[in-house]
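Any value given below was found using the heavy atoms of this structure, including those in side chains, with hydrogens, waters and symmetry copies removed.
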Amino acid sequence: MPGEAVTLQLGHYAGCVGAQWWGLQAAPGRGSPELRRSALLRTERALGGRERLTPRLVALELKGGAARPVVAEGPVASWDGAVASYLDRGSTPRDGGDRAEDNTSEGRGSPHTSVPGAAPDPSPLALSEEAPSGGGVRLWSDYLNVHLHPKSVYVIRQYMLDGECGCLEAFGQGESLLQDPGCLEELEDRLHFYVEECDYLQGFQVLCDLHNGFSGVGAKVTELLYDEYSGKGILTWGLTPGMSNLGDSQKNLYRVMNTALGIVHLCRHSSLLCPLSLSASLGLRPQPPVTFPYLNYDVRPAVSLNYQSSAVLAAALDTLTVPYRLSSSQGSMMHLAETLNFSGRKVAAAWASLPFPARHSCSLADVLCAHRQDVPWKLLVPWRERRVRSCFAQSVVLRGIGKESHVSSSAGTQPPSLFHACESAEQTLQRYLHALFPGALSTAHVLQQPCHTLPPYPQFFSPLLTQQGFLQDKPPPSAAAVESIPVLAALQSSPVLHTLLTSLYRDIQKLNTRRFASFFSTGVEQDEFQEALEELRTLSQCYKAGLEASQSEDEADSD
């Protein structure tokens, strides 16, 4: 059995995605034997001798970045901000009064959700009268519905989340933070706390903002992990929110330069890096965000965008990380990375189908036959959508489809397709992948357990979905909340990354970077920046794939 992972959240958007992800871990039904909860969660003894599960998490946040989350009993020396209270199902009236008082702290509202029950296998969420809505959500703690240990959250007091000044906006600022002995010692202490209680540490999951100064923090954090925990997997997810600040030219230029430096530096010490975003562009030119046919999430440039877009990425992340959390598999985080990062290809592209377009009565073979030409997934790497019919290697996970549903033809009759002739759902999916991606190294996993979507997960689903997330012909007279969805997701080493990285390189080459003295005054030298750009260009060459790569390069030239 592979062992445990420690997760780091670096930045506010990383906190948004992380809060949604931990909510998915706490959802009812997560006690399924298919996935090991101990891979991400730790068991601790609460007051009264009860056991509860908390994330094995170290989160770095700025001042004002969150209201204070509920933590396990014990002193909290490093957290400030408004107090957010979450009620257990058995809350007393006094608890409600405390929550009302806490809501007035700093004039900021607190979350509206409660925590799971304290048993090892949580009961369904106990919701208050009002669940989080897009307009009422500002901070990731507004929809965090799990307990955090006092060691989990570390506030970087030198910088504020919002404001005209005092923001962590440049790569060099982030790098210099981890050169401060006090900050470094604090981070190492928190890491050692979680690592030392692991039976067998398989590695680290790093959720890191790419678009701001946290890209520099991530560069130093992954370097620390690489040096101190040699041989352990480091899976890094570079996160970029929807582009809501493109009107600010300096923020836009800083975003592009932070992203380029972040990709290069994170690749150096990560086992694998996957940029994740619903934005369709990493470069200077804005593109419409990614849309899904059965999701109606908010894409307006508002604060609520983080609440909904982070939920989409969290569902994809929860599915993409399945291979090293399976109870039945010996595969580890490092095994997953090594499947994809050969020949210097340390960047991966993520794809997802949310939800996977299946009808309850159809077999998996029937659904795949309906998508014989193209997989029904969307690219979650910030690049405009295009059909990609080749990849070097991929790890694919399908969840929420019953394994017994793969047979649809009657006994003694000729199966309607090769997919229907397979003996298992895994074999059906594997044959489908080989048909669409001949020559690629493809690994596939099929789980019965769906992705649970109870509050505080947003209800932004099409009325054409059933409670279990399956398609129906028309909306019912009274729609019920979607409680779970089937999901198809993949990590790919793909030629699309050649176009993505090359376009980012060319966008920056067009800039006169010497005009941005404020960016370079934070610690990044001009020569160092140019070396990183060349490293980015070299990295992009790893993903060339003959004629297809040449065509994609020509398309990039025409932009």
Can you check whether [X] reaches [Y] side chain to side chain, under 4.5 Å on heavy atoms?
X	Y	value
P55	T7	no
Y13	L313	yes
Q427	Y432	no
L539	I263	yes
L436	V375	yes
V6	L201	yes
L380	S277	no
L207	L10	no

Return the set of residues passing salt bridge (charged side-chain N to carboxylate O under 4.0 Å, His left out) with [X] (not counting sequence neighbours), or none when no residue passes.
X	answer
E228	none
R431	none
K232	none

Worked verdict on E535 versus R268 for salt bridge (charged side-chain N to carboxylate O under 4.0 Å, His left out): CA-CA 10 Å; E535 199 170 334; R268 288 177 185 172; 2.8 Å; yes

Please check if the side chain of [X] supplies one atom and the backbone of [Y] the other of a donor-acceptor pair under 3.5 Å.
X	Y	value
Q468	I485	no
Y194	R42	no
Q509	Y505	no
S353	P355	yes
K220	L178	no
T222	A219	yes
E34	Q448	yes
R345	C542	yes
S215	T259	no
Q394	L491	no

Counterpart residues, ring pair (Phe, Tyr, Trp, His ring centres under 6.0 Å), relative to Y294 (two or more places apart):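 Checked Y294 against ring pair (Phe, Tyr, Trp, His ring centres under 6.0 Å); zero matches.
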
Within 6.0 angstrom of Y229 OH, more than 12 heavy atoms from elsewhere: yes

Mind checking side-chain hydrogen bond (donor to acceptor under 3.5 Å, both in side chains) for [X] and listing every partner two or more places apart, or none if nothing turns up?
X	value
D227	none
H445	none
Q472	none
T236	S270

What pair of heavy atoms forms the shortest contact from [X] to [Y], and how long is it?
X	Y	answer
H335	S332	ND1-N, 3.0 Å
I508	A260	CD1-CB, 3.3 Å
G238	L273	N-CD1, 3.9 Å
L168	G174	CD1-N, 3.8 Å
P456	Q20	O-OE1, 4.3 Å
G213	N258	N-ND2, 4.2 Å

D366 vs R359, salt bridge (charged side-chain N to carboxylate O under 4.0 Å, His left out): CA-CA, chis, key distance, verdict: CA-CA 10 Å; D366 292 334; R359 297 180 183 274; over 6 Å; no

Presence of salt bridge, D318 and R399, under 4.0 angstrom: yes

Identify, with sequence neighbours excluded, every residue that meets side chain to side chain contact (heavy atoms under 4.5 Å, CB included) alongside [X].
X	answer
S417	C369, R372, F419, H420
E4	R56, C198, D199, Y200
T321	W21, Q205, W237, L317, Y324, R325
E531	none

Sub-6.0 Å ring centroid separation between F171 and H265: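 Yes: the rings meet the under 6.0 Å criterion.
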
Proximity of H360 and F470 rings by center, below 6.0 Å: yes

Plane angle bin for F461 and Y457 - parallel if under 30°, tilted between 30 and 60°, otherwise perpendicular: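 Ring orientation, 0 to 90° scale: parallel.
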
Ring geometry between Y143 and Y307 (parallel below 30°, tilted from 30 to 60°, perpendicular above 60°): tilted

Check against side chain to side chain contact (heavy atoms under 4.5 Å, CB included), C267 and V347: CA-CA 7 Å; C267 275; V347 183; 3.4 Å; yes

